[in-house]
There are 2 protein chains.
Amino acid sequence: MKWDTLDEEQCSLSRTVAVVGDRWTLLILRESFLRVRRFEGFQSSLQITRHLLSERLKKLVRFGILRRVPYSEAPKRYEYILTQKGLDLYPIIMAMVHWGDIHMGDERGRPLLHEHKTCGKRFDPVMVCSECGEALHAKQVHVHPGPGRKEAVA
Amino acid sequence: MKWDTLDEEQCSLSRTVAVVGDRWTLLILRESFLRVRRFEGFQSSLQITRHLLSERLKKLVRFGILRRVPYSEAPKRYEYILTQKGLDLYPIIMAMVHWGDIHMGDERGRPLLHEHKTCGKRFDPVMVCSECGEALHAKQVHVHPGPGRKEAVA
DNA sequence: AGGCTATCGTTCCAAAATAGAACTGTCAAA
DNA sequence: TTTGACAGTTCTATTTTGGAACGATAGCCT
């Protein structure tokens, strides 16, 4: 597989995987959602090598997930801030956190709890149908080929 | 980072990433949700090397995402079927597909359309709060430390 | 001025993961 | 008896990561 052109495949999952489909990228995004913005911040909390961190941040900027914003002239320093495109990854991250809570937890309970400021309660993320509002399950979904594809790829 | 113990970290995202945090695994899961079950099926549709496919399938079985079910004696042949734990990954996959649809699409439109059998309509997956049912956005969520952790990790 | 610290990277080499292709083994059908 | 389908394993070359050191810029302290 040519990972460098994965983002041009006729499959939205492939295209997403091209951007966020590796361990470090996902962990970097977690930190971003927890308001980490600076090189040293990512590096020290993740214990990622500086080399890879540099690489991944560049990639995320290139794909428009993070914006590189100067916060100091002299010396030139930048922070990495989620764009709207990056913020839109939230459901993916939350879905992963929730699955981990349910299926990979230990006896001590959840590492983090989430409070919905709007309603004030602790919640779980639930994925629903945009049309009827019902919770979604794999077996209730039927897949059709859409306009953006020719043949037997997903 | 010690990837082999990532699933024991005090962070549900890390634990999920330990299982599905690589390109091939996510693509294999896509095929699983599209009802692919056999070694040759995965191999030919993904163009993954047989070696890696074998490795990844073993890992997914080990983590209880797939079950290895015999479908033929003599010769012994197995298929790989999603367990409930695996089916529960659906929101993650759908969230990724949806993000790809929105942010990585091209002029031709979506590769696939999804129909909700329950209501009969084409839909998008939406992540909502389990308590109030409102759509979730990153900025409306506040994070608290939960019982399963000691200090400053997510 | 000289040296320490903070921040943001780059460079270099060794170790690990992946790609690519060939090979093994079982059995059915031609 | 040969071919083909299926489910892997084994082997080597290439690519990606890990780990640690190095470089650049500037503020602050003495």
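Each chain gets a letter, A, B and so on, in the order its sequence line appears, and its residues count up from 1. Computed from a predicted model, the values in this text were never measured in an experiment. Values reported hereafter were calculated over all heavy atoms of this structure, with side chains retained and with hydrogens, waters and symmetry mates removed.
- For C/dG9, one of the phosphate oxygens OP1 or OP2 lies less than 4.0 angstrom from a side-chain nitrogen or oxygen of A/Tyr80.
- Under the ring-ring contact (aromatic ring centres under 6.0 Å, His included) criterion, the residue pairs touching residues 31-74 of chain A are A/Phe33-A/Tyr90, with sequence neighbours excluded.
- Geometrically, A/Arg37 does not engage A/Tyr80 in a cation-pi contact defined by less than 6.0 Å to the ring centre and at most 45° from the axis.
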For nucleotides 25-27 of chain D, which of its nitrogen or oxygen atoms have a protein nitrogen or oxygen under 3.5 Å away, and what is each distance?
{"unit_1": "D/dT25", "atom_1": "O2", "unit_2": "A/Arg77", "atom_2": "NH2", "d": "3.4"}

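- A/Val128 shares a hydrophobic cluster with A/Val126, B/Val126, B/Val128; the chain of contacts runs through ILVMFWY side chains whose heavy atoms sit under 4.5 Å apart.
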Query raised in the report: Once each nucleotide of nucleotides 10-22 of chain C is scored for protein heavy atoms under 4.0 Å, what B/S/- sequence comes out, 5' to 3'?
Result: BB------SBB-B
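- With hydrogens and angles left out, the side-chain atoms of B/Ser14 and A/Arg30 include a donor and acceptor closer than 3.5 Å.
- Counting non-hydrogen atoms under 4.0 angstrom, B/Tyr71 reaches the backbone sugars and phosphates but no base.
- At C/dT26, none of the side-chain N or O atoms of B/Tyr78 fall inside 4.0 Å of OP1 or OP2 (strictly under the cut-off).
- By the neighbour-count criterion of 12 heavy atoms within 6.0 Å, atom CZ of A/Arg23 is densely surrounded, having more than that number from other residues, nucleotides or ligands.
- Distance, A/Ile28 CD1 to D/dT17 C1': 13 Å, rounded to whole Å.
- Sequence neighbours left out, the pairs with a member in residues 128-141 of chain B that pass side-chain hydrogen bond (donor to acceptor under 3.5 Å, both in side chains) are A/His116-B/Gln140.
- For the pair A/Leu53 CG and D/dA20 C1', the interatomic distance rounds to 16 Å; values are reported in whole Å.
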Query - CA sep, side-chain torsions, deciding dist, call: A/Glu115, A/Arg122, salt bridge (Lys or Arg N to Asp or Glu O under 4.0 Å) - result: CA-CA 4 Å; A/Glu115 178 189 326; A/Arg122 286 176 183 174; over 6 Å; no
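- Counting only residues at least two apart or on different chains, the salt bridge (charged side-chain N to carboxylate O under 4.0 Å, His left out) pairs with a member in residues 41-56 of chain A are A/Asp22-A/Arg56, A/Glu40-A/Arg50.
- In this structure, CZ of B/Phe42 is placed 14 Å from C1' of D/dC6, rounded to the nearest angstrom.
- The two residues B/Trp99 and A/Asp88 come nearest to each other via the heavy atoms CD1-O, 3.4 Å.
- Nucleic acid contact class of B/Arg23 (heavy atoms, under 4.0 Å, all strands): none.
- OP1 or OP2 of C/dG9 has not a single side-chain nitrogen or oxygen of A/Arg38 nearer than 4.0 Å.
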